There are 2 protein chains.
Amino acid sequence: MSNNQFKKGELYSFITGKASTAIGRRLQKNFKQDNIEITIEQWSVLYHLWKEDGMSQQELCDATFRDKPSITRLVDNLERIKLVKRNASKEDRRKNLIVLTTEGKELEEKCMQVANNTLNEALHGVTNGQIEIAKEVLQMVYDNLK
Amino acid sequence: MSNNQFKKGELYSFITGKASTAIGRRLQKNFKQDNIEITIEQWSVLYHLWKEDGMSQQELCDATFRDKPSITRLVDNLERIKLVKRNASKEDRRKNLIVLTTEGKELEEKCMQVANNTLNEALHGVTNGQIEIAKEVLQMVYDNLK
DNA sequence: GACATATAGTTGTTTATGCAACTAAACAAA
DNA sequence: TTTGTTTAGTTGCATAAACAACTATATGTC
């Protein structure tokens with residue numbers, strides 16, 4: 001089995017995902033440097049709305065790998081800072097459709113630029129081939145635990 | 001540059017580290033199933049104390065990639081549930097040496113077994129070669145952002 | 001139509017994070 | 001020994017996560 005592939009220390013850092021933690025922190029810092037006043041969690045919601053405006057909260061749960069209370073509160077905060085609005089669905093009155101405000105839409109370009117730059121910083125010196133394999137492994141891990 | 005290596009969707013999941021999130025959640029769930037009543041954050045502190053008992057809080061910060069307030073509170077909670085104790089250092093009165101209680105020591109075997117099993121679940125079907133490359137990439141990302 | 005069940009979202013509680021401001025001890029230089 | 005700087009740790013505050021319990025609407029079945 002794959003039991004002996006990892007020494008303890010390596011196991012730990014694989015589990016805790018120090019690399020993704022580091023990317024998240026750097027992205028947050030880069031947002032701040034560009035005077036973008038949102039958290040990376042808020043960004044992860046906006047990111048999906050930029051691709052498809054008017055998603056329901058449940059759809060945002062699935063897209064962001066977060067549970068319903070998390071999305072409720074992220075949307076609360078995004079609404080408070082006026083980047084999104086909750087619109088009650090006319091087809092299904094249980095649903096809220098989350099739509100970007102003008103201000104929310106305007107943030108896309110700036111944010112995506114910062115995100116792309118951050119990823120380039122993070123991947124400096126890593127080859128395309130290595131990235132492909134890393135992505136495959138992370139996807140397999142995710143699928144194994146789904 | 002490495003700007004075109006990622007399509008948007010891939011970029012997102014690389015940044016947010018959904019694989020490591022999934023591992024963390026599964027580990028937490030597996031702890032609970034085995035009636036181990038600790039959080040994965042608490043586990044990450046204990047993990048280092050099991051390797052080297054009596055570390056200072058600052059050393060735990062470095063080892064776990066957490067800041068000082070986080071460690072202060074994790075140690076608070078671990079102390080409250082009686083798994084560790086703060087011992088004032090005699091050489092340097094600013095320092096607390098964090099030592100495992102008997103109960104804290106006894107938890108090691110059970111926890112590490114669960115952690116190993118979780119990792120094996122996560123890596124099912126992933127080859128050693130792929131894992132090596134994934135580890136290299138994650139390490140490079142971490143070093144790039146350090 | 002009435003009742004059971006599933007789905008969408010909210011609220012409460014505990015734990016954790018990130019940042020800034022703070023205290024106290026150690027160290028260094030004059 | 002006084003003064004300034006660095007290091008170790010704590011506290012306050014805002015944001016977020018995980019889980020359980022809850023409300024309200026929709027749907028399926030008899």
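All values derive from a computational prediction rather than experimental measurement. We name chains A, B, ... by the order of the sequence lines, and we start the count at 1 in each one.
Taking the side chain as every heavy atom from C-beta outward, N30(A) and E121(A) approach each other to under 4.5 Å.
Among the protein residues, D92(A) comes within range of the sugar-phosphate backbone only, with heavy atoms under 4.0 Å from sugar or phosphate atoms but none that close to a base. Residue contacts for Q42(A): at a heavy-atom cut-off of 4.0 Å it reaches the sugar-phosphate backbone alone, with no base atom in range.
Between the CG atom of D76(B) and the P atom of dA16(C) there is a distance of 10 Å, given to the nearest Å. One interatomic measurement links the two molecules: CG of N96(A) to P of dT23(D), which rounds to 18 Å at whole-angstrom precision. Put simply, CD1 on I40(A) is 14 Å from C1' on dA16(C), counting in whole angstrom units. dA16(D) atom P lies 14 Å from atom CD of E79(A), rounded to whole Å. Taking atom CZ of residue R26(B) and atom C1' of nucleotide dA17(D), one finds them 18 Å apart after rounding to whole Å.
The aromatic rings of F31(A) and W43(A) sit tilted, their planes meeting at an angle between 30° and 60°.
Annotation: cation-pi geometry satisfied between K18(B) and Y142(A) (NZ/CZ under 6.0 angstrom from ring centroid, within 45° of ring axis).
The nearest heavy atom of DNA chain D to L74(A) and to E59(B) marks one nucleotide each, and the one closer to the 5' end goes with E59(B). Residue-to-nucleotide proximity on DNA chain D shows that, of R86(B) and K29(B), the 5′-proximal contact is made by R86(B).
In the set dA20(C), dT15(D), dA8(D), dA8(D) carries the atom at the smallest distance from any side-chain atom of R94(B). For S56(A), counting side-chain heavy atoms from C-beta on, the closest listed nucleotide (dA20(D), dG9(C), dA20(C)) is dG9(C). Among dT15(C), dA16(C), dG9(D), the nucleotide with an atom closest to any side-chain atom of N77(B) is dA16(C). Out of dG12(D), dA16(C), dC19(D), the shortest distance to the side chain of T39(B) is found at dA16(C).
On a pure distance criterion of 3.5 Å, a polar donor-acceptor pair joins the side chain of R73(A) and the base of dG12(C). Counting atom types as modelled, K68(B) pairs a side-chain N or O with a base atom of dA8(D) as donor and acceptor under 3.5 Å. No hydrogens or angles were tested; on distance alone, nothing pairs the side chain of R66(A) with the base of dG9(C) as donor and acceptor under 3.5 Å.
In summary, D76(B) and R86(B) engage in a salt bridge, as defined by a charged side-chain N under 4.0 Å from a carboxylate O.
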